[in-house]
Chemist: 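Below is the structure I would like to discuss, written out as C-alpha coordinates.
Sequence lines set the chain letters: A, B, ... in the order given, protein chains first and strands last, and positions in each chain run from 1.
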Protein chains: 2
Amino acid sequence: MKVLTNILRNSYIEQYPINQFFSFDIITYLTVHQFEKGEFIFKERSHPEYLYYMVEGKAKLYVTHKNGKVSLIDFITSPCFMGEMELLDSVRVSKGIQAVTKTICLAIPILQFRKRLLTDVIFLRELCMLLSDKEMKVTAKYTQNQVYPLENRLAAFILLSSDQGFYKEKHTEICEFLGVSYRHLLYTFAAFCEAGILVKHNRGYLIQNKDKLLTLSEEIL
Amino acid sequence: MKVLTNILRNSYIEQYPINQFFSFDIITYLTVHQFEKGEFIFKERSHPEYLYYMVEGKAKLYVTHKNGKVSLIDFITSPCFMGEMELLDSVRVSKGIQAVTKTICLAIPILQFRKRLLTDVIFLRELCMLLSDKEMKVTAKYTQNQVYPLENRLAAFILLSSDQGFYKEKHTEICEFLGVSYRHLLYTFAAFCEAGILVKHNRGYLIQNKDKLLTLSEEIL
DNA sequence: TATAAAATATGAGATATCTCACATTATTGT
DNA sequence: ACAATAATGTGAGATATCTCATATTTTATA
(Lines give C-alpha, C1' and ligand atoms only; values in the text may rest on other atoms or scores of the structure.)
Protein backbone atom coordinates (compact mmCIF):
# COMPACT_ATOMS: atom_id res chain seq x y z
CA MET A 1 0.00 0.00 0.00
CA LYS A 2 1.24 3.40 -0.95
CA VAL A 3 0.08 6.70 0.50
CA LEU A 4 -0.27 9.23 -2.27
CA THR A 5 0.77 12.77 -1.58
CA ASN A 6 0.50 16.28 -2.87
CA ILE A 7 -0.64 16.69 -6.44
CA LEU A 8 -1.67 13.10 -6.86
CA ARG A 9 -3.58 13.03 -3.59
CA ASN A 10 -5.35 16.24 -4.37
CA SER A 11 -6.30 15.23 -7.85
CA TYR A 12 -8.13 12.16 -6.61
CA ILE A 13 -9.87 14.07 -3.88
CA GLU A 14 -10.99 16.72 -6.31
CA GLN A 15 -12.08 14.21 -8.89
CA TYR A 16 -14.30 12.20 -6.58
CA PRO A 17 -16.66 14.17 -4.38
CA ILE A 18 -16.91 12.46 -1.03
CA ASN A 19 -18.22 15.37 0.99
CA GLN A 20 -21.74 14.53 -0.10
CA PHE A 21 -21.68 11.63 2.37
CA PHE A 22 -20.91 13.79 5.36
CA SER A 23 -22.39 16.79 7.08
CA PHE A 24 -18.98 18.34 7.61
CA ASP A 25 -15.98 19.00 5.45
CA ILE A 26 -13.92 15.85 5.69
CA ILE A 27 -11.59 16.56 2.81
CA THR A 28 -8.73 18.00 4.81
CA TYR A 29 -8.53 14.85 6.93
CA LEU A 30 -8.36 12.43 4.08
CA THR A 31 -5.38 10.50 2.94
CA VAL A 32 -5.31 8.61 -0.33
CA HIS A 33 -4.16 5.01 -0.43
CA GLN A 34 -3.17 3.07 -3.48
CA PHE A 35 -3.21 -0.72 -3.58
CA GLU A 36 -1.59 -2.78 -6.28
CA LYS A 37 -3.31 -5.63 -8.04
CA GLY A 38 -3.37 -8.65 -5.74
CA GLU A 39 -2.63 -6.65 -2.62
CA PHE A 40 -4.77 -7.16 0.46
CA ILE A 41 -6.81 -4.15 1.43
CA PHE A 42 -8.12 -5.82 4.58
CA LYS A 43 -6.57 -9.00 5.85
CA GLU A 44 -9.14 -11.54 6.95
CA ARG A 45 -10.05 -11.25 10.64
CA SER A 46 -8.18 -8.04 11.12
CA HIS A 47 -9.32 -4.76 12.64
CA PRO A 48 -9.27 -2.10 9.94
CA GLU A 49 -7.77 1.24 10.83
CA TYR A 50 -9.46 3.08 8.01
CA LEU A 51 -12.86 3.48 6.54
CA TYR A 52 -12.16 3.39 2.84
CA TYR A 53 -14.06 4.97 0.02
CA MET A 54 -12.91 3.18 -3.10
CA VAL A 55 -12.85 5.58 -6.03
CA GLU A 56 -10.99 3.57 -8.63
CA GLY A 57 -10.42 -0.13 -9.05
CA LYS A 58 -12.05 -3.42 -8.28
CA ALA A 59 -11.68 -5.81 -5.37
CA LYS A 60 -12.84 -9.15 -4.06
CA LEU A 61 -14.69 -9.58 -0.78
CA TYR A 62 -14.18 -13.11 0.45
CA VAL A 63 -14.13 -15.41 3.43
CA THR A 64 -11.97 -18.48 4.00
CA HIS A 65 -13.66 -21.43 5.65
CA LYS A 66 -12.23 -23.86 8.15
CA ASN A 67 -11.92 -26.52 5.47
CA GLY A 68 -9.82 -24.20 3.32
CA LYS A 69 -12.47 -23.41 0.76
CA VAL A 70 -12.98 -19.80 -0.15
CA SER A 71 -16.30 -18.09 -0.77
CA LEU A 72 -16.06 -15.03 -2.95
CA ILE A 73 -18.93 -13.04 -1.49
CA ASP A 74 -18.88 -10.13 -3.89
CA PHE A 75 -16.90 -8.12 -6.36
CA ILE A 76 -16.55 -4.63 -5.03
CA THR A 77 -16.42 -1.94 -7.64
CA SER A 78 -15.91 1.76 -7.22
CA PRO A 79 -17.45 3.82 -5.88
CA CYS A 80 -17.93 1.92 -2.66
CA PHE A 81 -17.24 2.06 1.07
CA MET A 82 -15.18 -0.62 2.76
CA GLY A 83 -14.83 -1.17 6.48
CA GLU A 84 -18.23 0.27 7.43
CA MET A 85 -19.16 -2.79 9.42
CA GLU A 86 -16.03 -2.55 11.46
CA LEU A 87 -16.56 1.15 11.95
CA LEU A 88 -19.98 0.41 13.44
CA ASP A 89 -18.75 -2.34 15.70
CA SER A 90 -15.12 -2.15 16.75
CA VAL A 91 -15.22 -5.67 18.12
CA ARG A 92 -16.06 -7.16 14.79
CA VAL A 93 -13.30 -8.53 12.60
CA SER A 94 -13.05 -7.86 8.92
CA LYS A 95 -13.70 -10.17 6.05
CA GLY A 96 -10.90 -10.31 3.51
CA ILE A 97 -10.69 -7.74 0.74
CA GLN A 98 -8.13 -8.13 -2.03
CA ALA A 99 -7.52 -5.74 -4.90
CA VAL A 100 -8.19 -7.25 -8.31
CA THR A 101 -6.84 -4.25 -10.16
CA LYS A 102 -4.90 -1.23 -9.00
CA THR A 103 -7.19 0.44 -6.52
CA ILE A 104 -7.39 3.96 -5.17
CA CYS A 105 -9.15 4.65 -1.87
CA LEU A 106 -9.87 7.76 0.10
CA ALA A 107 -9.00 6.86 3.67
CA ILE A 108 -10.74 8.04 6.83
CA PRO A 109 -9.03 7.04 10.08
CA ILE A 110 -11.62 5.13 12.07
CA LEU A 111 -10.29 5.78 15.54
CA GLN A 112 -10.27 9.50 15.01
CA PHE A 113 -13.66 9.79 13.35
CA ARG A 114 -15.82 7.01 14.74
CA LYS A 115 -17.65 9.21 17.19
CA ARG A 116 -18.27 11.95 14.69
CA LEU A 117 -19.46 9.60 11.99
CA LEU A 118 -21.83 7.77 14.31
CA THR A 119 -23.61 11.03 15.00
CA ASP A 120 -23.67 12.26 11.44
CA VAL A 121 -27.19 11.99 10.04
CA ILE A 122 -26.16 12.26 6.43
CA PHE A 123 -23.48 9.64 6.74
CA LEU A 124 -25.66 7.24 8.69
CA ARG A 125 -28.52 7.60 6.24
CA GLU A 126 -26.25 6.89 3.30
CA LEU A 127 -24.79 3.95 5.13
CA CYS A 128 -28.23 2.50 5.85
CA MET A 129 -29.06 2.66 2.18
CA LEU A 130 -25.78 1.12 1.13
CA LEU A 131 -26.02 -1.67 3.70
CA SER A 132 -29.54 -2.38 2.70
CA ASP A 133 -28.66 -2.50 -1.00
CA LYS A 134 -25.75 -4.76 -0.32
CA GLU A 135 -27.79 -7.18 1.71
CA MET A 136 -30.43 -7.27 -1.00
CA LYS A 137 -27.82 -8.11 -3.59
CA VAL A 138 -26.03 -10.73 -1.53
CA THR A 139 -29.25 -12.42 -0.47
CA ALA A 140 -30.48 -12.58 -4.03
CA LYS A 141 -27.25 -14.14 -5.16
CA TYR A 142 -27.13 -16.78 -2.47
CA THR A 143 -30.75 -17.81 -2.56
CA GLN A 144 -30.41 -18.23 -6.32
CA ASN A 145 -27.23 -20.21 -5.84
CA GLN A 146 -29.02 -22.82 -3.86
CA VAL A 147 -32.10 -23.03 -6.00
CA TYR A 148 -30.77 -23.00 -9.56
CA PRO A 149 -28.15 -25.19 -11.21
CA LEU A 150 -24.95 -23.61 -12.43
CA GLU A 151 -26.15 -23.66 -16.02
CA ASN A 152 -28.67 -20.89 -15.32
CA ARG A 153 -26.52 -18.84 -12.99
CA LEU A 154 -23.53 -18.98 -15.29
CA ALA A 155 -25.64 -17.85 -18.23
CA ALA A 156 -26.77 -14.85 -16.20
CA PHE A 157 -23.23 -14.14 -15.05
CA ILE A 158 -21.81 -14.30 -18.56
CA LEU A 159 -24.37 -11.79 -19.76
CA LEU A 160 -23.62 -9.55 -16.82
CA SER A 161 -19.87 -9.62 -17.03
CA SER A 162 -19.16 -9.90 -20.72
CA ASP A 163 -18.03 -6.90 -22.67
CA GLN A 164 -19.16 -6.53 -26.27
CA GLY A 165 -20.01 -10.18 -26.57
CA PHE A 166 -16.72 -11.32 -25.11
CA TYR A 167 -16.29 -13.07 -21.76
CA LYS A 168 -12.87 -13.16 -20.17
CA GLU A 169 -13.15 -13.54 -16.40
CA LYS A 170 -10.77 -15.78 -14.51
CA HIS A 171 -12.19 -19.24 -13.91
CA THR A 172 -10.40 -19.50 -10.59
CA GLU A 173 -12.25 -16.48 -9.28
CA ILE A 174 -15.60 -17.15 -10.80
CA CYS A 175 -15.96 -20.65 -9.44
CA GLU A 176 -15.54 -19.24 -5.94
CA PHE A 177 -18.02 -16.51 -6.72
CA LEU A 178 -20.61 -18.90 -8.07
CA GLY A 179 -19.98 -21.37 -5.31
CA VAL A 180 -18.99 -24.37 -7.40
CA SER A 181 -15.80 -26.30 -8.02
CA TYR A 182 -13.36 -25.25 -10.70
CA ARG A 183 -13.94 -28.57 -12.38
CA HIS A 184 -17.66 -28.11 -12.58
CA LEU A 185 -17.36 -24.60 -13.93
CA LEU A 186 -15.15 -25.89 -16.72
CA TYR A 187 -17.61 -28.67 -17.49
CA THR A 188 -20.36 -26.12 -17.88
CA PHE A 189 -18.28 -23.90 -20.14
CA ALA A 190 -17.51 -26.95 -22.23
CA ALA A 191 -21.22 -27.72 -22.40
CA PHE A 192 -21.96 -24.17 -23.56
CA CYS A 193 -19.37 -24.51 -26.30
CA GLU A 194 -20.72 -27.92 -27.23
CA ALA A 195 -24.20 -26.38 -27.53
CA GLY A 196 -22.88 -23.60 -29.76
CA ILE A 197 -23.64 -20.93 -27.20
CA LEU A 198 -20.01 -19.92 -26.74
CA VAL A 199 -16.84 -20.26 -28.76
CA LYS A 200 -13.50 -20.37 -27.05
CA HIS A 201 -11.18 -17.68 -28.32
CA ASN A 202 -7.76 -17.00 -26.87
CA ARG A 203 -8.11 -16.39 -23.15
CA GLY A 204 -11.88 -16.04 -23.28
CA TYR A 205 -15.17 -16.93 -24.88
CA LEU A 206 -17.16 -15.31 -27.63
CA ILE A 207 -20.92 -15.28 -27.19
CA GLN A 208 -22.34 -17.06 -30.17
CA ASN A 209 -25.97 -17.42 -29.13
CA LYS A 210 -27.08 -14.64 -26.85
CA ASP A 211 -30.72 -15.66 -27.05
CA LYS A 212 -29.97 -19.02 -25.53
CA LEU A 213 -28.06 -17.34 -22.72
CA LEU A 214 -31.00 -15.04 -22.14
CA THR A 215 -33.40 -17.95 -22.04
CA LEU A 216 -31.24 -19.79 -19.54
CA SER A 217 -30.78 -16.77 -17.33
CA GLU A 218 -34.42 -15.79 -17.47
CA GLU A 219 -35.29 -18.94 -15.61
CA ILE A 220 -33.85 -17.22 -12.59
CA LEU A 221 -35.68 -13.91 -12.68
CA MET B 1 -54.29 -8.98 11.48
CA LYS B 2 -55.94 -7.45 14.49
CA VAL B 3 -55.31 -3.97 15.85
CA LEU B 4 -55.14 -4.11 19.62
CA THR B 5 -56.69 -1.28 21.58
CA ASN B 6 -56.79 0.30 24.95
CA ILE B 7 -55.54 -1.79 27.84
CA LEU B 8 -54.01 -4.45 25.67
CA ARG B 9 -52.28 -1.94 23.39
CA ASN B 10 -50.94 0.00 26.32
CA SER B 11 -49.66 -3.04 28.13
CA TYR B 12 -47.51 -4.07 25.18
CA ILE B 13 -46.20 -0.58 24.69
CA GLU B 14 -45.28 -0.30 28.32
CA GLN B 15 -43.75 -3.73 28.44
CA TYR B 16 -41.41 -3.20 25.51
CA PRO B 17 -39.47 0.05 25.47
CA ILE B 18 -39.17 1.23 21.90
CA ASN B 19 -38.38 4.86 22.60
CA GLN B 20 -34.72 3.96 22.95
CA PHE B 21 -34.54 3.66 19.18
CA PHE B 22 -35.75 7.19 18.53
CA SER B 23 -34.78 10.66 19.51
CA PHE B 24 -38.38 11.71 20.03
CA ASP B 25 -41.34 10.23 21.86
CA ILE B 26 -42.96 7.93 19.37
CA ILE B 27 -45.19 6.09 21.77
CA THR B 28 -48.32 8.12 21.22
CA TYR B 29 -48.22 7.40 17.50
CA LEU B 30 -47.89 3.67 17.79
CA THR B 31 -50.55 1.13 17.09
CA VAL B 32 -50.17 -2.50 18.08
CA HIS B 33 -50.83 -5.23 15.55
CA GLN B 34 -51.40 -8.88 16.30
CA PHE B 35 -50.84 -11.59 13.70
CA GLU B 36 -52.02 -15.14 14.06
CA LYS B 37 -49.84 -18.15 13.38
CA GLY B 38 -49.53 -18.63 9.64
CA GLU B 39 -50.70 -15.13 8.82
CA PHE B 40 -48.68 -13.03 6.40
CA ILE B 41 -47.10 -9.96 7.94
CA PHE B 42 -45.76 -8.76 4.60
CA LYS B 43 -46.95 -10.27 1.39
CA GLU B 44 -44.13 -10.93 -1.04
CA ARG B 45 -43.49 -8.03 -3.40
CA SER B 46 -45.80 -5.69 -1.57
CA HIS B 47 -45.16 -2.17 -0.30
CA PRO B 48 -45.40 -2.23 3.49
CA GLU B 49 -47.40 0.53 5.11
CA TYR B 50 -45.81 0.07 8.49
CA LEU B 51 -42.41 -0.24 10.00
CA TYR B 52 -42.88 -3.02 12.53
CA TYR B 53 -41.05 -3.65 15.73
CA MET B 54 -41.77 -7.23 16.63
CA VAL B 55 -41.99 -7.63 20.39
CA GLU B 56 -43.42 -11.12 20.72
CA GLY B 57 -43.47 -14.09 18.39
CA LYS B 58 -41.48 -15.63 15.60
CA ALA B 59 -41.70 -15.29 11.84
CA LYS B 60 -40.18 -16.55 8.63
CA LEU B 61 -38.47 -14.30 6.11
CA TYR B 62 -38.59 -15.94 2.72
CA VAL B 63 -38.49 -15.45 -1.01
CA THR B 64 -40.23 -17.47 -3.69
CA HIS B 65 -38.27 -18.14 -6.86
CA LYS B 66 -39.50 -18.24 -10.41
CA ASN B 67 -39.33 -22.04 -10.40
CA GLY B 68 -41.58 -22.22 -7.37
CA LYS B 69 -38.91 -23.12 -4.86
CA VAL B 70 -38.84 -21.19 -1.64
CA SER B 71 -35.75 -20.01 0.20
CA LEU B 72 -36.28 -19.44 3.87
CA ILE B 73 -33.78 -16.64 4.40
CA ASP B 74 -34.09 -16.32 8.14
CA PHE B 75 -36.18 -16.93 11.20
CA ILE B 76 -37.05 -13.59 12.70
CA THR B 77 -37.41 -13.57 16.45
CA SER B 78 -38.40 -10.74 18.73
CA PRO B 79 -37.21 -8.15 19.29
CA CYS B 80 -36.67 -7.14 15.70
CA PHE B 81 -37.58 -4.52 13.12
CA MET B 82 -39.37 -5.47 9.93
CA GLY B 83 -39.84 -3.28 6.89
CA GLU B 84 -36.72 -1.15 7.42
CA MET B 85 -35.50 -1.76 3.91
CA GLU B 86 -38.74 -0.58 2.46
CA LEU B 87 -38.73 2.44 4.74
CA LEU B 88 -35.34 3.41 3.35
CA ASP B 89 -36.32 2.92 -0.25
CA SER B 90 -39.98 3.30 -1.06
CA VAL B 91 -39.51 1.83 -4.51
CA ARG B 92 -38.30 -1.46 -3.15
CA VAL B 93 -40.74 -4.32 -2.70
CA SER B 94 -40.85 -6.46 0.36
CA LYS B 95 -39.74 -10.02 0.83
CA GLY B 96 -42.36 -12.28 2.36
CA ILE B 97 -42.75 -12.47 6.11
CA GLN B 98 -45.08 -15.02 7.66
CA ALA B 99 -45.84 -15.44 11.33
CA VAL B 100 -44.79 -18.82 12.72
CA THR B 101 -46.41 -18.21 16.07
CA LYS B 102 -48.80 -15.54 17.28
CA THR B 103 -46.89 -12.33 16.80
CA ILE B 104 -47.22 -8.88 18.34
CA CYS B 105 -45.77 -5.85 16.59
CA LEU B 106 -45.57 -2.20 17.41
CA ALA B 107 -46.50 -0.43 14.21
CA ILE B 108 -45.13 2.85 12.88
CA PRO B 109 -46.87 4.22 9.80
CA ILE B 110 -44.17 4.62 7.17
CA LEU B 111 -45.77 7.33 5.10
CA GLN B 112 -46.25 9.56 8.07
CA PHE B 113 -42.83 9.05 9.64
CA ARG B 114 -40.39 8.37 6.83
CA LYS B 115 -39.03 11.86 6.74
CA ARG B 116 -38.64 12.12 10.47
CA LEU B 117 -36.99 8.72 10.79
CA LEU B 118 -34.54 9.40 8.01
CA THR B 119 -33.24 12.40 9.90
CA ASP B 120 -33.15 10.75 13.30
CA VAL B 121 -29.55 10.04 14.28
CA ILE B 122 -30.41 7.55 16.99
CA PHE B 123 -32.73 5.58 14.77
CA LEU B 124 -30.35 5.58 11.83
CA ARG B 125 -27.44 4.47 13.95
CA GLU B 126 -29.42 1.60 15.42
CA LEU B 127 -30.59 0.65 11.98
CA CYS B 128 -27.03 0.60 10.64
CA MET B 129 -26.03 -1.77 13.41
CA LEU B 130 -29.01 -4.03 12.88
CA LEU B 131 -28.55 -4.12 9.12
CA SER B 132 -24.91 -4.86 9.53
CA ASP B 133 -25.57 -7.68 12.01
CA LYS B 134 -28.19 -9.15 9.78
CA GLU B 135 -25.96 -9.15 6.77
CA MET B 136 -23.18 -10.76 8.76
CA LYS B 137 -25.50 -13.52 9.86
CA VAL B 138 -27.06 -14.13 6.47
CA THR B 139 -23.71 -14.12 4.70
CA ALA B 140 -22.26 -16.60 7.17
CA LYS B 141 -25.19 -18.92 6.68
CA TYR B 142 -25.12 -18.85 2.91
CA THR B 143 -21.40 -19.17 2.44
CA GLN B 144 -21.47 -22.17 4.76
CA ASN B 145 -24.38 -23.62 2.86
CA GLN B 146 -22.37 -23.77 -0.29
CA VAL B 147 -19.17 -25.03 1.23
CA TYR B 148 -20.29 -27.73 3.69
CA PRO B 149 -22.51 -30.74 3.14
CA LEU B 150 -25.81 -30.94 4.95
CA GLU B 151 -24.41 -33.36 7.51
CA ASN B 152 -22.32 -30.63 9.12
CA ARG B 153 -24.83 -27.83 8.81
CA LEU B 154 -27.65 -29.95 10.16
CA ALA B 155 -25.56 -30.98 13.15
CA ALA B 156 -24.94 -27.32 13.91
CA PHE B 157 -28.59 -26.48 13.41
CA ILE B 158 -29.79 -29.26 15.68
CA LEU B 159 -27.53 -28.05 18.45
CA LEU B 160 -28.71 -24.50 17.93
CA SER B 161 -32.42 -25.19 17.82
CA SER B 162 -32.88 -28.10 20.19
CA ASP B 163 -34.26 -27.56 23.63
CA GLN B 164 -32.98 -29.71 26.47
CA GLY B 165 -31.68 -32.33 24.13
CA PHE B 166 -34.85 -32.52 22.12
CA TYR B 167 -35.23 -31.40 18.52
CA LYS B 168 -38.68 -30.77 17.14
CA GLU B 169 -38.58 -28.34 14.24
CA LYS B 170 -40.75 -28.86 11.19
CA HIS B 171 -38.92 -30.64 8.39
CA THR B 172 -40.86 -28.70 5.78
CA GLU B 173 -39.50 -25.43 7.10
CA ILE B 174 -36.00 -26.53 7.87
CA CYS B 175 -35.26 -27.96 4.46
CA GLU B 176 -36.08 -24.56 2.98
CA PHE B 177 -33.93 -22.89 5.59
CA LEU B 178 -30.97 -25.16 4.98
CA GLY B 179 -31.44 -25.01 1.25
CA VAL B 180 -31.89 -28.72 0.55
CA SER B 181 -34.76 -30.90 -0.57
CA TYR B 182 -37.16 -32.39 1.92
CA ARG B 183 -36.04 -35.80 0.79
CA HIS B 184 -32.42 -35.14 1.46
CA LEU B 185 -33.10 -33.70 4.88
CA LEU B 186 -34.94 -36.88 5.82
CA TYR B 187 -32.10 -39.02 4.52
CA THR B 188 -29.70 -37.16 6.74
CA PHE B 189 -31.93 -37.49 9.79
CA ALA B 190 -32.18 -41.19 9.06
CA ALA B 191 -28.40 -41.37 8.83
CA PHE B 192 -28.04 -39.62 12.20
CA CYS B 193 -30.43 -42.15 13.76
CA GLU B 194 -28.59 -44.99 12.07
CA ALA B 195 -25.35 -43.69 13.55
CA GLY B 196 -26.87 -43.52 17.02
CA ILE B 197 -26.62 -39.74 17.16
CA LEU B 198 -30.37 -39.20 17.34
CA VAL B 199 -33.35 -41.29 18.35
CA LYS B 200 -36.73 -40.57 16.89
CA HIS B 201 -39.30 -39.92 19.58
CA ASN B 202 -42.85 -38.88 18.84
CA ARG B 203 -42.78 -35.78 16.67
CA GLY B 204 -39.12 -35.12 17.23
CA TYR B 205 -35.64 -36.42 17.90
CA LEU B 206 -33.74 -37.01 21.10
CA ILE B 207 -30.06 -36.19 21.02
CA GLN B 208 -28.23 -39.36 21.92
CA ASN B 209 -24.66 -38.37 21.14
CA LYS B 210 -24.06 -34.70 21.57
CA ASP B 211 -20.31 -35.05 21.17
CA LYS B 212 -20.69 -36.41 17.69
CA LEU B 213 -22.96 -33.50 16.80
CA LEU B 214 -20.39 -31.11 18.18
CA THR B 215 -17.64 -32.74 16.18
CA LEU B 216 -19.68 -32.52 13.01
CA SER B 217 -20.66 -28.90 13.57
CA GLU B 218 -17.17 -27.86 14.55
CA GLU B 219 -16.01 -28.61 11.07
CA ILE B 220 -17.83 -25.46 10.07
CA LEU B 221 -16.44 -22.99 12.61
C1' DT C 1 15.58 -14.92 -18.95
C1' DA C 2 15.14 -18.80 -16.09
C1' DT C 3 12.25 -20.48 -12.62
C1' DA C 4 8.50 -20.44 -9.68
C1' DA C 5 3.74 -19.76 -9.16
C1' DA C 6 -0.80 -19.33 -10.95
C1' DA C 7 -4.20 -20.46 -14.18
C1' DT C 8 -6.04 -23.59 -17.53
C1' DA C 9 -7.46 -28.09 -18.91
C1' DT C 10 -9.27 -32.86 -18.74
C1' DG C 11 -10.33 -37.83 -17.19
C1' DA C 12 -12.24 -41.06 -13.98
C1' DG C 13 -14.72 -42.16 -10.25
C1' DA C 14 -17.32 -40.81 -6.17
C1' DT C 15 -21.14 -38.50 -3.56
C1' DA C 16 -24.27 -35.09 -2.25
C1' DT C 17 -28.42 -33.88 -3.53
C1' DC C 18 -32.68 -33.81 -6.45
C1' DT C 19 -37.11 -35.38 -8.66
C1' DC C 20 -41.09 -37.82 -8.61
C1' DA C 21 -44.33 -41.01 -7.14
C1' DC C 22 -46.87 -42.63 -3.57
C1' DA C 23 -48.47 -44.00 1.25
C1' DT C 24 -49.21 -42.66 5.88
C1' DT C 25 -50.08 -39.85 9.64
C1' DA C 26 -51.22 -35.22 11.91
C1' DT C 27 -53.57 -30.93 12.05
C1' DT C 28 -57.06 -27.74 11.12
C1' DG C 29 -61.32 -25.62 9.72
C1' DT C 30 -66.34 -26.10 9.69
C1' DA D 1 -66.49 -35.25 14.08
C1' DC D 2 -65.14 -35.26 9.26
C1' DA D 3 -63.21 -33.69 5.40
C1' DA D 4 -59.56 -31.08 3.68
C1' DT D 5 -54.94 -29.73 4.14
C1' DA D 6 -50.40 -30.02 5.74
C1' DA D 7 -46.67 -32.75 7.34
C1' DT D 8 -44.22 -37.04 7.49
C1' DG D 9 -41.95 -40.99 5.47
C1' DT D 10 -39.77 -44.01 1.90
C1' DG D 11 -38.13 -46.12 -2.64
C1' DA D 12 -35.96 -45.81 -7.10
C1' DG D 13 -33.56 -43.57 -10.35
C1' DA D 14 -31.43 -39.40 -12.09
C1' DT D 15 -28.13 -35.45 -12.07
C1' DA D 16 -25.55 -31.74 -10.39
C1' DT D 17 -21.53 -31.28 -8.40
C1' DC D 18 -17.15 -32.78 -6.06
C1' DT D 19 -12.43 -34.88 -5.38
C1' DC D 20 -8.20 -36.05 -6.92
C1' DA D 21 -4.61 -36.84 -10.04
C1' DT D 22 -2.05 -35.03 -13.56
C1' DA D 23 -0.47 -32.24 -17.75
C1' DT D 24 -0.04 -27.92 -20.08
C1' DT D 25 0.14 -23.17 -20.60
C1' DT D 26 0.45 -18.51 -19.00
C1' DT D 27 2.05 -15.06 -15.90
C1' DA D 28 4.88 -13.24 -12.40
C1' DT D 29 9.36 -12.70 -10.29
C1' DA D 30 14.30 -13.10 -8.99
Chemist: For DNA chain D, find the residues of residues 154-164 of chain A with a heavy-atom distance under 4.0 Å and give them by number; none if there aren't any.
Modeler: none
Chemist: Please enumerate all residues that pass ring-ring contact (aromatic ring centres under 6.0 Å, His included) together with A:Tyr16, with sequence neighbours excluded.
Modeler: none
Chemist: Would you mind reading off the distance between A:His184 atom NE2 and C:dC18 atom P, rounded to a whole angstrom?
Modeler: 13 Å
Chemist: How bent is the helix from C:dT1-D:dA30 to C:dT30-D:dA1, comparing axes over its five end pairs at each side, to the nearest 10°?
Modeler: 70°
Chemist: Go through the side-chain N and O atoms of A:Ser78 and A:Glu56 and say whether any donor and acceptor fall under 3.5 Å apart.
Modeler: no
Chemist: Take atom NZ of A:Lys102 and atom P of D:dA28, then tell me their distance rounded to the nearest Å.
Modeler: 16 Å
Chemist: Can you give one letter per nucleotide of nucleotides 3-11 of chain C, 5' to 3': B if a protein heavy atom sits under 4.0 Å from the base, S if only from the sugar-phosphate, - if neither?
Modeler: ----SBBBB
Chemist: Name every residue in residues 142-152 of chain A that has at least one heavy atom under 4.0 Å from any atom of DNA chain D, in order of residue number, or write none if there are no such residues.
Modeler: A:Pro149, A:Leu150
Chemist: Any chance the rings of B:Tyr167 and B:Phe192 have centres within less than 6.0 Å?
Modeler: no
Chemist: Determine: side-chain N/O of A:Lys69 to OP1/OP2 of D:dT19, distance under 4.0 Å, yes or no.
Modeler: yes
Chemist: Report yes or no: do A:Ser217 and A:Arg153 form a side-chain donor-acceptor pair below 3.5 Å?
Modeler: no
Chemist: Are B:Phe35 and B:Tyr52 near enough that their ring centres are under 6.0 Å apart?
Modeler: yes
Chemist: For A:Tyr53 and A:Tyr12, I'd like to know if the aromatic rings sit close, meaning centre-to-centre distance below 6.0 Å.
Modeler: no
Chemist: Compute the ring centroids of A:Tyr62 and A:Phe177, then answer whether they are less than 6.0 Å apart.
Modeler: no
Chemist: Tell me which pairs pass salt bridge (Lys or Arg N to Asp or Glu O under 4.0 Å) where either residue lies in residues 166-190 of chain A, with sequence neighbours left out.
Modeler: A:Lys58-A:Glu169, A:Lys60-A:Glu173
Chemist: Does either side chain, that of A:Gln34 or that of A:Glu36, offer a donor lying less than 3.5 Å from an acceptor on the other one?
Modeler: yes
Chemist: Check this for me, if you would: do B:Lys95 and B:Asp74 make a salt bridge, where the nitrogen-to-carboxylate-oxygen distance has to be below 4.0 angstrom?
Modeler: no
